[in-house]
Amino acid sequence: MQGIGAEALIAALRRSAVPVVVAMIVGAFAMVILQQLAGAQYSASARVLVPTAPISKVITGTSAYVDPATQQQTEIELANAPQVFDRAAAATQNLYGSANVVRASSSVSGQAGDILVFSATAKAPDAAVGIANAVARGYIEWHASLTADAVNKSIADLTTRLRSLPAGDASRSDLQGELTKLAVLKTLSSADTLLVQPAASATKTRPAPIHDALLGAALGLLIGLLISALREAIDTKVRSERDVEDELSVPVLASVRSVPRRMRMVMYGRYERLFADTYALLAAQITQAAQRNQTNGLPHGTLVALTSALAREGKTTTTCNIAVALARRGANVLLLDFDLRKPEVARTFGLAAAAPGVVDVLEGKIHLEAALWTITLDGVRPVAIPGSGVRQPARSGQSARSAATATATATEGAIPNGTLDVLPAGSAVKVQMLSDAPQVGALLEGLRERYDFVIVDTPPALLTVEMADLDQYLDFVIIVVRQGKASARSLRTLSRRAHKWQAELLGAILTDASAQQSYGSYYQ
């Protein structure tokens, strides 16, 4: 299960790769443009020394331990007091704005040791330098005023106590000594904090194209991943063999990679090497199922229909290539196009769109033999030979396939091929249905006696009635599912219908699969 989860995650990331990359690029460009429109910004810093052992403690002789980090945090809170910014604004005569503006443009932070860093940002370098120095000096003055107020209060208290003591009291000398220390501390209180490094110049912080682009790309990455996660959460499309098997309750016979654009017949020519193995595997599985299904030695062909839940799932392409693969295995195969509304088999093999076919045969307008086309199995492309697809019924006790094999192997060392005939749809049906006509059963049973396999291309089972009418004549049904096309809901609906058909649901084929999911070619 962990492997399946990892595969699902990798597949989701692969699907999201393009939108995430686009989001990163858009984010990078957007951030650069926004920073350019916002204009230039400069930053300057001033540093103030706040001793961990103030002069007040040295003079008074107190040495209680105070955590440096706690003391620095206390000083940062004092530096953010409104009185600091009032003093800074007053000292600059509101040159850089009011106290609130100065406060919004500056910040204070602690540095290793006992240094406070006062930073300011502004659109002009001189303004940044001026604000940083003004706030630093405002803090020094505010800090000194706090110390001075405490000292003055202590002096006033001691003076009152001295006045209340008699002239010869022994404690007067001690109080007088404390007054002396406080007087010295009062004169030195301003030296408790020092501006050790005033701001001299400002650094341009905005725009910074590289930094802005990286920040925008990071934001784009985050947004892209969130959108992709949301899309995956609400996306109910089937995207793996596991999804198909869970919804249809049948095995996936094979996963077929994406067929080149505008190509359908890939069992010939340049693409044969990529796809032949996969379709040969499907043909082998169909052959094995047919052999299991035959209960006696009488001539008995197998009828296999391929359908799908929705349109454009690769059903016709899959059907045509499987028919070729079966014929190349030595079977006599008929490909019958029963997608009467949108017939595509004729076009796949290069037949004329107006060529007579199933509809004309069922309506009695033409004999079956005249509507058949024989398809060559060799060469770079299929060649259709008109009116030559006449198959004599097999002799009693001998299957059509065995008769064909005996003929093909007459030449010693030859690898036998079967035959492939095509019965196109014929005149397209717009409204009226022919699938429930009595002639359909007679036609299919007659074809069963002539061929080893009759492969039927049917329209989508959820959109049309053909499969519901034909299932009584069929042996097997295979469902074609295009990756990312059908939803889980549509497959569940199809599964409920398919398991009520008289024909056996052999399995499913996943089309348009990625290279990682498809079986590919051994020789690739």
Side-chain angles (χ1 to χ4, degrees), residues 256 259 262-269 271 275 279 282-283 286 301 303-308 311-328 331-363 366 368-377 381-389 391 418-430 434-435 440 443-444 447 450-461 463-464 466-467 470 473-474 477-480 482 509 511:
V256 184
V259 173
R262 297 181 180 179
M263 288 291 298
R264 289 191 175 182
M265 184 49 60
V266 292
M267 290 294 288
Y268 297 82
Y271 297 110
F275 293 92
Y279 286 112
L282 288 167
I286 294 172
L303 269 67
V304 182
L306 279 83
T307 189
S308 61
R312 303 184 65 83
E313 296 204 54
K315 171 180 55 62
T316 299
T317 298
T318 305
T319 303
C320 294
N321 285 283
I322 286 178
V324 173
L326 280 168
R328 288 182 178 175
N332 293 328
V333 181
L334 173 69
L335 175 57
L336 189 155
D337 190 353
F338 221 97
D339 192 347
L340 305 180
R341 296 175 187 80
K342 295 182 179 180
E344 294 291 337
V345 171
R347 186 158 67 94
T348 302
F349 287 98
L351 307 181
V358 176
V359 175
D360 306 279
V361 172
L362 291 176
E363 293 179 346
I366 191 173
L368 172 63
E369 288 75 8
L372 293 174
W373 296 72
T374 294
I375 307 299
T376 60
L377 299 175
R381 64 177 59 87
V383 177
I385 304 173
S388 59
R391 292 287 173 267
T419 59
L420 174 60
D421 293 343
V422 171
L423 181 58
S427 305
V429 176
K430 301 299 183 182
L434 295 176
S435 57
V440 172
L443 173 63
L444 294 178
L447 294 175
R450 292 170 175 256
Y451 295 92
D452 296 324
F453 291 96
V454 178
I455 308 300
V456 186
D457 184 25
T458 66
L463 305 179
T464 62
E466 276 77 356
M467 273 305 307
L470 294 177
Y473 308 114
L474 302 172
V477 176
I478 297 174
I479 296 176
V480 178
R482 168 165 274 167
I509 299 173
T511 63

Distance (rounded to the nearest 0.5 Å) between T419 OG1 and L326 CG
11.5 Å
L423/L335 under side-chain contact (heavy atoms from CB on, under 4.5 Å): CA gap, chis, key distance, verdict:
CA-CA 6 Å; L423 181 58; L335 175 57; over 6 Å; no
Kindly determine whether T511 and I509 satisfy side-chain contact (heavy atoms from CB on, under 4.5 Å), including the steps that lead there.
CA-CA 6 Å; T511 63; I509 299 173; 4.2 Å; yes
Any donor-acceptor N/O pair, T307 side chain to I478 backbone, under 3.5 Å
no
Under the 3.5 angstrom rule, does the side chain of R328 hit a backbone N or O of G418 as a donor-acceptor pair?
no
Determine, step by step, whether L336 and V358 satisfy the side-chain contact (heavy atoms from CB on, under 4.5 Å) criterion, reporting the C-alpha distance in whole Å, the side-chain angles of both residues, the deciding distance to 0.1 Å, and the verdict.
CA-CA 8 Å; L336 189 155; V358 176; 3.9 Å; yes
Looking only at atom types and distance, does a side-chain atom of R482 sit under 3.5 Å from a main-chain N or O of R312, one as donor and one as acceptor?
yes
Are Y279 and V256 side-chain neighbours, meaning at least one heavy-atom pair lies under 4.5 Å?
yes
Decide, yes or no, whether a salt bridge links R450 with D421 under the criterion of side-chain N to carboxylate O below 4.0 Å.
no
Interatomic spacing from CG in D339 to CD in E466 - rounded to 0.5 Å:
7.5 Å
Do you know the tightest heavy-atom contact between D360 and G357?
OD2-N, 2.9 Å
G301 backbone acceptor or donor facing D452 side chain under 3.5 Å:
no
Is any side-chain heavy atom of L377 closer than 4.5 Å to a side-chain heavy atom of L420?
yes
Heavy-atom closest pair (A305 atom, T458 atom, distance to 0.1 Å) is CB-CG2, 4.1 Å
Checking S308 side chain against E313 main chain: does a donor-acceptor pair fall under 3.5 Å?
no
Looking at every heavy atom in both P459 and F338, which two are closest together, and how far apart are they?
CD-O, 3.5 Å
If we only count heavy atoms from C-beta on, is the Y271 to V259 side-chain gap below 4.5 Å?
no
If you compare all heavy atoms of A371 against all heavy atoms of I366, which two are closest, and at what distance to 0.1 Å?
N-CD1, 4.3 Å
I'd like to know if the side chain of D337 reaches the main chain of V345, judged simply by a donor and an acceptor atom lying under 3.5 Å from each other, with no hydrogens or angles considered.
yes
Student check: side-chain heavy atoms of L444 and L470 closer than 4.5 Å
yes
Would you verify whether the NZ or CZ of R264 falls within 45 degrees of the ring axis of F275 while also being under 6.0 Å from that six-membered ring's centre?
no
With a 4.5 Å cut-off on side-chain heavy atoms, are V422 and L372 touching?
no
Between N321 and M267 (side chain of the first, backbone of the second, donor and acceptor by atom type, cut-off under 3.5 Å), is there such a pair?
yes
Between I455 and L334, is there a side-chain heavy-atom distance shorter than 4.5 Å?
no
Any W373 side-chain heavy atom under 4.5 Å of L351 side chain:
yes
For the backbone of D457 and the side chain of K315, can you confirm whether one donor and one acceptor N or O come within less than 3.5 Å of each other?
no
Do L303 and F453 have side chains that approach each other closer than 4.5 Å (heavy atoms only, starting at C-beta)?
no
Residue pair F349 / A384: nearest heavy atoms and the distance that separates them:
O-CB, 4.3 Å
Start with the C-alpha gap between V454 and V456, add the side-chain angles, then the distance that decides, and say whether side-chain contact (heavy atoms from CB on, under 4.5 Å) holds.
CA-CA 6 Å; V454 178; V456 186; 4.1 Å; yes
Could you report the tightest heavy-atom contact between A346 and P424, atom names first, then the distance?
CB-CB, 4.2 Å
Taking R347 for the side chain and A352 for the main chain, is one N or O donor matched with an acceptor at less than 3.5 Å?
no
